[in-house]
Amino acid sequence: MEYIKLNFEKKDVEIQYHVHEFQGYLKTTEDHYHRCTGITGEAIPIDKKDHIHEIVFRSDFVNGHYHEYIGRSSGAIEIGDRHIHYIDSFTNVTSGHQHGFRLITLLHDPSGE
C-alpha cells in the first residue's frame with residue numbers, strides 16, 4: 001500500500017485566524033431528512049471589521065444517497081464578546097431532489113482562552 005505524503009506549511013500566528021464547528025439537519029422531504037456536521041474554513045476578511053467562512057459538507061447517507069454543499073457563511077453575528085455565523089441555502093440535487101437548510105455555527109472560542 002502506498003501512502004500519500006502531506007506537506008504542511010507552517011503558518012504565521014498573525015495570519016492564522018479561526019474556524020467554527022457546525023451541525024444540523026437538512027429540511028425534510030416527503031420521506032426523509034439528512035444530518036450534517038463539520039468545521040468551517042478559516043476566516044476570510046471582507047472588510048476591516050468583518051469576515052465570512054467557507055462552508056463545505058457532505059450529509060449523512062440516507063435512502064441510498066447523500067447531498068453536498070459548498071458555499072459561504074454570513075458575516076459575524078455578535079453574541080456577547082463572541083460571535084457566530086448564519087447559513088441559509090440549499091444542497092446540490094441528488095436522486096432528483098435537494099434539501100434546504102438553515103444553520104448557525106457554534107460560538108467562536110467558546111472557552112474564552
Side-chain angles (χ1 to χ4, degrees):
M1 174 186 267
E2 193 172 320
Y3 291 94
I4 298 171
K5 183 178 179 184
L6 300 176
N7 183 15
F8 293 101
E9 293 181 26
K10 288 187 177 182
K11 291 188 176 182
D12 241 346
V13 173
E14 272 62 48
I15 62 170
Q16 181 79 23
Y17 295 102
H18 69 275
V19 296
H20 294 263
E21 297 170 81
F22 64 88
Q23 59 184 5
Y25 294 92
L26 307 181
K27 290 182 183 175
T28 304
T29 62
E30 292 179 15
D31 62 348
H32 72 283
Y33 67 92
H34 295 268
R35 296 174 299 171
C36 64
T37 186
I39 297 174
T40 69
E42 289 190 36
I44 301 167
I46 56 173
D47 61 34
K48 291 183 179 182
K49 295 184 179 185
D50 203 3
H51 66 281
I52 59 175
H53 293 269
E54 184 174 71
I55 309 286
V56 177
F57 67 78
R58 180 178 284 180
S59 74
D60 60 347
F61 191 79
V62 176
N63 284 3
H65 69 279
Y66 59 86
H67 293 272
E68 295 178 316
Y69 174 76
I70 298 174
R72 292 188 168 181
S73 72
S74 71
I77 300 166
E78 300 298 323
I79 306 288
D81 62 347
R82 304 282 189 273
H83 71 272
I84 61 171
H85 296 269
Y86 179 67
I87 306 101
D88 185 353
S89 195
F90 291 87
T91 65
N92 69 326
V93 176
T94 304
S95 293
H97 70 280
Q98 66 184 156
H99 294 263
F101 64 93
R102 291 180 182 148
L103 298 173
I104 57 170
T105 64
L106 300 181
L107 282 174
H108 162 63
D109 189 22
S111 65
E113 296 177 10

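One-based numbering along the sequence shown. Atom set for the values below is all heavy atoms of this structure, side chains included, hydrogens, waters and symmetry mates excluded.
Taking OG of Ser73 as the start and CD1 of Ile44 as the end, the distance is 7.5 Å to the nearest 0.5 Å. Note that the OG1 atom of Thr37 and the CD1 atom of Ile39 stand 8.0 Å from one another [nearest 0.5 Å]. Atom-to-atom distance recorded for Asp60:CG and His65:NE2 is 9.0 Å, nearest 0.5 angstrom. Between atom CD1 of residue Ile46 and atom CZ of residue Arg72 there is a gap of 9.5 Å, rounded to the nearest 0.5 Å. From His83, atom NE2 reaches atom CG of Asp50 across 8.5 Å, with rounding to the nearest 0.5 Å.
The two residues Val62 and His32 make their nearest non-hydrogen contact at CG1-CB, 4.0 Å. Across every non-hydrogen atom of Gly24 and Leu103, the tightest pair is CA-CD2, 3.5 Å. Between Tyr69 and Ile87, the shortest heavy-atom contact is OH-CG2, 4.0 Å. Here the closest non-hydrogen pair linking His34 and Tyr66 is CE1-CA, 4.2 Å. Across every non-hydrogen atom of Ala43 and His51, the tightest pair is CB-CD2, 3.6 Å. A pairwise comparison of heavy atoms in His99 and Lys27 identifies ND1-O, 2.6 Å as the closest pair.
With ring centers used as reference points, Phe101 lies under 6.0 Å from Phe57.
With hydrogens and angles ignored, the 3.5 Å screen pairs a side-chain donor or acceptor of His85 with a backbone N or O of Gly75. The closest donor-acceptor contact from the side chain of Thr94 to the backbone of His67 lies at 3.5 Å or more, if one exists at all. With hydrogens and angles ignored, the 3.5 Å screen pairs no side-chain donor or acceptor of Ser89 with any backbone N or O of Gly100. Looking at Asn92, its side chain never comes within 3.5 Å of a backbone N or O of Gln98 through a donor-acceptor pair.
Considering only residues two or more places apart in sequence or on other chains, Tyr33 meets the ring-ring contact (aromatic ring centres under 6.0 Å, His included) condition with Tyr25. The side-chain contact (heavy atoms from CB on, under 4.5 Å) test applied to Ile84 returns Ile77, Ile79, Ile104, Thr105, Leu107, not counting sequence neighbours. With sequence neighbours excluded, no residue satisfies ring-ring contact (aromatic ring centres under 6.0 Å, His included) with Phe90.
In Ile70, the CD1 atom is not crowded: 12 or fewer heavy atoms of neighbouring residues, nucleotides or ligands sit closer than 6.0 Å. By the 6.0 Å contact criterion, CD on Glu68 is enclosed, its count of non-hydrogen atoms from other residues, nucleotides or ligands being greater than 12.
Under a hydrophobic clustering in which Ile, Leu, Val, Met, Phe, Trp and Tyr are joined whenever their side-chain heavy atoms come within less than 4.5 Å, directly or via other members, Ile52 and Phe22 fall into different clusters.
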